[in-house]
Number of protein chains: 2
Amino acid sequence: MSRWQPDASGRLVKAALELYAERGYEQTTVAEIAARAGLTERTFFRHHADKREVLFGGSREMAEAFAAAVAEAPGSAAPIDAVAVGLDAIAEGFTGRLEFVRRRQAVIAASAELRERELVKLASLADALTVALRGRGVAEPAASLTAEAGIAAFKVGFARWVADPDDGELAHWTRDSLRALRAATGEG
Amino acid sequence: MSRWQPDASGRLVKAALELYAERGYEQTTVAEIAARAGLTERTFFRHHADKREVLFGGSREMAEAFAAAVAEAPGSAAPIDAVAVGLDAIAEGFTGRLEFVRRRQAVIAASAELRERELVKLASLADALTVALRGRGVAEPAASLTAEAGIAAFKVGFARWVADPDDGELAHWTRDSLRALRAATGEG
DNA sequence: ACATCCACGACAGTCACTGACATCAGATGC
DNA sequence: GCATCTGATGTCAGTGACTGTCGTGGATGT
């Protein structure tokens, strides 16, 4: 048998989410998280950059999937429609994970530091989206602005999905949010 | 004469900006900032919540001015046009401060922690804007989405203003960014 | 068998941030 | 004038996030 229990990183994530939920983010020390995962504090920092980042694993993959979907959208699609394709792709990655997401969002909402880090992840998403749009030939500042609009739709749609008592589909909410955004900013 | 030199908070801001520019945010300790301002580390934390916040004074006032302008926009104005009024109000507060803003933004751009905090300030701005729009009778999710769109226009317009070699007006860039955003997301 | 690898533990250190208490020039009340 | 109070600052002793360095011992390849 192996020298250590498997999935140290995942155990740390699980322990952190539990402890943040039980006693709050600020009242939890990294040493406590590591102890619950059967590891030491030093090992926590080998797997996760800091005490906040432990809740945001996979966000890079999400940005990559977003960018890939936007890049592969039909060449004839308008920038905002390519963004819509990307939103659908992201939403797909959340199917069946609503309960986990709800617990995670409750923890994030309760901590200013975690909310701050969440904004960084959304900004990274916006950056990846901007790059993908520029790859489609969209010039600045349209690329950045369309990306920001798409992230706004994602942000609001995500919040509505998490808050909705019914267990619906994230894509439903992001699509509706994008539609509402276009209506609210519409030139007509 | 008074017991202490005046404007301790302002001296700390000045010292921090200088040191962050000279040797970088991470390579600067709070004790060094305090020493340059002729104060102690403990006093730094009496005036500024943390090492990042020292560069973001006045952001609450900005959010309040934004919200006030939106609230006072003509009742007949569409939500997005009320936002445009608010953007003009904010822009006015930056007139004549371009050089200071450029130095400050260069420092922020060089530090992940400072960029993270900047996102919080933009999010606070978005929250204040959302509240102001709701005060105008705009329902959700339109209020949040219109607010996010307005902040996106501000963010991009601000970046263009700072990057522009000519010393133009911020309002010029925020207006154009809002126009471009509406064109990019337009339903037509 | 033997060397190599590498995830982890152990330990010491820096620094952001906090709480508690002391200090003392100037404002205030009489 | 004098005592008293006020409040911005100094001092000091913490806690805890994060880092650099070195040691350890099962696993792995030859």
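A note on names: the letters A, B, ... follow the listed sequences, proteins ahead of strands, and every chain is numbered from 1.
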Residues forming a side-chain hydrogen bond (donor to acceptor under 3.5 Å, both in side chains) with A/R52, sequence neighbours excluded | A/Y25, A/E113
Note: contacts of residues 8-40 of chain B with DNA chain C (heavy atom, under 4.0 Å) are B/T28, B/T29, B/V30
In whole Å, what is the span from the CD atom of A/Q5 to the P atom of C/dG9?
-> 12 Å
In plain terms, say whether A/E64 and A/R60 are close enough for a salt bridge, that is, a side-chain N and a carboxylate O under 4.0 Å apart.
-> yes
Residue whose closest nucleotide on DNA chain D lies nearer the 5' end, A/D50 versus B/T43 | B/T43
Is A/E99 salt-bridged to A/R102, cutoff N-O under 4.0 Å?
-> yes
Interface polar pairs with nucleotides 18-22 of chain C, N/O, under 3.5 angstrom:
| from | atom 1 | to | atom 2 | distance (Å) |
| --- | --- | --- | --- | --- |
| C/dG19 | N7 | B/R42 | NE | 3.4 |
| C/dG19 | N7 | B/R42 | NH2 | 2.9 |
| C/dG19 | O6 | B/R42 | NE | 2.8 |

Tell me whether the OP1 or OP2 atom of D/dC18 has a side-chain N or O from A/H48 closer than 4.0 Å.
-> no
Students should find that the hydrophobic cluster of A/W4, defined by side-chain heavy atoms under 4.5 Å apart, otherwise consists of none
Looking at A/R3, does any N or O in its side chain come under 4.0 Å of the phosphate oxygens OP1/OP2 on D/dT28?
-> no
To the nearest angstrom, how far is B/E113 atom CD from C/dC17 atom C1'?
-> 13 Å
Side-chain atoms of residues 66-84 of chain A: list all donor-acceptor pairs with protein atoms under 3.5 Å, sequence neighbours left out, distances to 0.1 Å.
none

Atom CG of A/D7 to atom C1' of C/dA7: distance rounded to whole Å?
-> 14 Å
Between B/W4 and B/F44, the residue closer to the 5' end of DNA chain C by nearest nucleotide is B/F44
Salt-bridged, B/K51 to B/E41, with N to O below 4.0 Å?
-> no
Taking 4.0 angstrom as the limit, do B/E53 and B/K121 come out as a salt bridge?
-> yes
Can you run down the ring pair (Phe, Tyr, Trp, His ring centres under 6.0 Å) pairs that involve residues 134-154 of chain A, sequence neighbours left out, and say none if there aren't any?
-> A/F154-A/F158
